[in-house]
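Comments concern the structure below.
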Amino acid sequence: MVYCYLCKGKLMAETLKKLDDLVALCKRRGFIFQSSDIYGGLASCYDYGPLGVELKRNVKNAWWKSVVQTRDDMVGLDCSILMHPMVWKASGHVDKFADLIAECKKCNTRTRVDHLQGVENEETTHHEQPEAAMAKDGLNDKVCPKCGTTGQFTEPMPFKLMFETQMGANVDDSMKVYLRPETAQGIFTNFSNVLNTTRLKLPFGIAQIGKSFRNEVTTKAFIFRTREFEQMEIEFFCVPGTDEQWWEHWKNERMKWYLDLGIRKENLRFRPHADDELAHYAKACVDIEYLFPFGQGDWQELEGIANRTDYDLRQHQRGMRSITKWFENGRDTEKTPLVDEPDDWSKGPLSYFDDESRKRYIPYVIEPSAGVDRGMLAFLVDAYAEEEVRGEKRNLLRFHPSLAPIKAAVFPLVKKDGMPEKARTIYNELRQYFTSFYDQKGAVGRRYRRQDEAGTPFCITVDGQTAEDNTVTIRDRDSMEQTRINCDKLLGYLREKLGI
RNA sequence: GCGGGCGUAGCUCAGUGGUAGAGCGUCACGUUGCCAACGUGAAUGUCGUGAGUUCAAGUCUCAUCGCCCGCUCCA
């Protein structure tokens, strides 16, 4: 009858059927608000409210603890959002994030030019030659994937997928810079810094959590795909040849993380990328997907685990050597080509010297890259439940204790006989160890239900018996059952149950 | 960007050209003896925004912003 996040016991209650119900709850309880709400909102931007910010922080902390604090082979990093524009040239984003899109005049469907199927040639519309792709003639033999009409396309138009801004207050003398479209590149550019300061040896990884920005063509479904979003990324550097086993390692580690935090197994799956779907840098990639309640139910990516090989470090070696060219081109990043890779690239400035094999090489990289916001959405969706209790509906969020925004709420049963004072004393002690909440207003039943909707695992109630034997009741969110415990043992009991 | 739906109190929604509403929630006081109790009272509205038509617009028209669904897109 009772669902248990530890044993994955059967869930009797109704789960979330449509996103709307969750959106309403998020607003009602202060998890997530529309950005700039009083101005009519700004599309696909969201703000995290009092409960949401706690949940989001808990998600990030759980990740950090899992991949950094409890491992010997991982360290953390926090890079700036603005980076040297040539970073994005080297990574390929400046070129690849300027997609060309053409619109079918017949059905108004927009399609990426390089995705259009034609009669012949496969690479003519590749990004390296935007001018060639721009030629409208090149689309005359292309077929619209929607309506099947041939050659009825508008001029290809470039889509800028990176946010641009200027650095320097003097507009005439300012430089175009980009808001990072991923946190990964900050890790690559600090690879040698970390190597030189930590005495780490391969294999080791660097983790980072932070905001990234992408001008997505379309956004989707509440906080699932937004243009400003937060990432949790790992770049795990390993000896070439061991990359496949480390890829397997991280695949399993990351899936386990979601399961350990209470997401139901049947709502998670791996989805390997097909060869033609792989990004330009990747040798292999698998997504961890969650069954979201968009529409009729939709498997969508939570996280991708990619084998990036030695692509990025090699690219940055080229980028480093292209800086002179960049100055010569008047700091025009788009017009500065990367210099060619020398023959001895494996001994370059971002290479690694292996003491055991006495060899120098560029490490391979496994990248588990997760979206904080969409992960949070998955935790919310999976925790959402509606139950019927004595003919009344009970809404609750069955968060794993370590994710719950509030760990414990403390109530006096009624507002008299010294109960509020005792309850406050308990509250003041608990709040030093974890987020706690005090409430004395209205009927105790109502207070319990309010905490159910916030996902608070435990409610502690001071009642008439407390004055006699110093015991209080602990009410469990999921089972609604109460147990009595001595106040002296309360903190220890809760810390054990909460894993804190 | 296309097509469909929607936007009225914190939430869910009613209101088809003539005084801005309900339920729930919130707050105060009273009551209280463990699951959204009860009584009394109270606060809360740019009717998404801006124009237009009209004696009169939440209601009709146009534009615009936002959300949901389906496409498209998601290196």
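Per chain, numbering begins at 1; letters A, B, ... match sequence-line order.
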request  = Any strand is fair game: report the nucleotide pairing with B/U32 by Watson-Crick or G-U wobble, both distances under 3.5 Å, or none.
outcome  = none
inquiry  = Main chain of A/Pro405, side chain of A/Thr435: is a donor-acceptor contact present, judged purely on distance under 3.5 Å?
reply    = yes
task = Have a look at A/Phe222 and say if it touches a base, only the backbone sugar-phosphate, or nothing, with a 4.0 Å heavy-atom cut-off.
result = sugar-phosphate
task = Mind calculating the distance between CZ (A/Arg28) and C1' (B/C13) to the nearest angstrom?
result = 14 Å
query = Roughly how far apart, to the nearest Å, are B/C67 and B/C11 at atom C1'?
reply = 15 Å
ask   = Looking at side-chain heavy atoms only, is the closest gap between A/Pro293 and A/Val381 below 4.5 Å?
value = yes
query = Does B/U46 have OP1 or OP2 sitting under 4.0 Å from an N or O in the side chain of A/Tyr39?
reply = no
note = Taking a pair to mean Watson-Crick or G-U wobble geometry with both distances below 3.5 Å, B/G52 pairs with B/C60
ask   = Nearest 0.5 Å, what's the NE2-CG distance between A/His84 and A/Leu82?
value = 12.5 Å
key: Mate of B/G66 where both pairing distances stay under 3.5 Å, Watson-Crick or G-U   = B/C6
message = Could you check whether A/Asp463 pairs with A/Arg484 (Lys NZ or Arg NE/NH1/NH2 to Asp/Glu carboxylate O, under 4.0 Å)?
response = yes
query = P atom, B/C2 versus B/U72: distance in rounded Å?
reply = 16 Å
request  = Could you check whether A/Gln440 gets within reach of a base, just the sugar-phosphate, or nothing at all, counting any heavy atom under 4.0 Å?
outcome  = nothing
request  = Identify whether the distance between the nearest side-chain nitrogen and carboxylate oxygen of A/Glu334 and A/Lys89 falls below 4.0 Å.
outcome  = no
message = According to side chain to side chain contact (heavy atoms under 4.5 Å, CB included), who are the partners of A/Thr456, at least two apart in sequence or on a separate chain?
response = A/Ile406, A/Ala409, A/Gln451, A/Ala454
Phosphate-side-chain proximity, A/Gln34 and B/C67, N/O vs OP1/OP2 below 4.0 Å = yes
ask   = Can A/Lys56 and A/Glu230 be counted as an ion pair, charged N to O under 4.0 angstrom?
value = yes
query = Across all strands, who's sitting opposite B/C73 as a Watson-Crick or G-U wobble pair, both distances under 3.5 Å?
reply = none
message = Would the distance check show the side chain of A/Arg308 and the main-chain N or O of A/Val365 forming a donor-acceptor pair, the cut-off being under 3.5 Å?
response = no
ask   = How far, in whole Å, is B/C62 from B/U54 if one measures between their C1' atoms?
value = 16 Å
inquiry  = Looking at the base of B/C35, is there any donor atom on it, or on the side chain of A/Asp452, that sits under 3.5 Å from an acceptor on the other one?
reply    = no
task = Select base, sugar-phosphate, or nothing to describe what A/Arg447 touches, counting heavy atoms under 4.0 Å on all strands.
result = nothing
task = Would you mind reading off the distance between A/Leu396 atom CG and B/C35 atom C1', rounded to a whole angstrom?
result = 13 Å
query = Who does B/A43 pair with, Watson-Crick or G-U, both distances under 3.5 Å?
reply = none
task = Calculate the interatomic distance between A/Ile32 atom CD1 and B/G66 atom C1'; express it in whole Å.
result = 17 Å
query = Hey, does A/Phe33 reach any base, or is it just sugar-phosphate, or nothing, if we go heavy atoms under 4.0 Å?
reply = nothing
query = What is the pairing partner of B/A20, taking Watson-Crick or G-U wobble pairs with both distances under 3.5 Å in any strand?
reply = none
request  = Using a 4.0 Å heavy-atom cut-off across all strands, classify A/Gln451 as base, sugar-phosphate, or nothing.
outcome  = nothing
request  = Give one of base, sugar-phosphate or nothing for A/Asp287, where a contact means two heavy atoms less than 4.0 Å apart.
outcome  = nothing
request  = Searching all strands shown, indicate the nucleotide that pairs with B/A37 (Watson-Crick or G-U wobble; both distances under 3.5 Å).
outcome  = none
key: Sequence-aligned protein contact record of nucleotides 20-32 of chain B, with B where the base is within under 4.0 Å of a protein heavy atom and S where only the sugar-phosphate is   = -----SSSS---B
inquiry  = What's A/Ser44 touching, base or sugar-phosphate or nothing? Going by heavy atoms closer than 4.0 Å.
reply    = sugar-phosphate
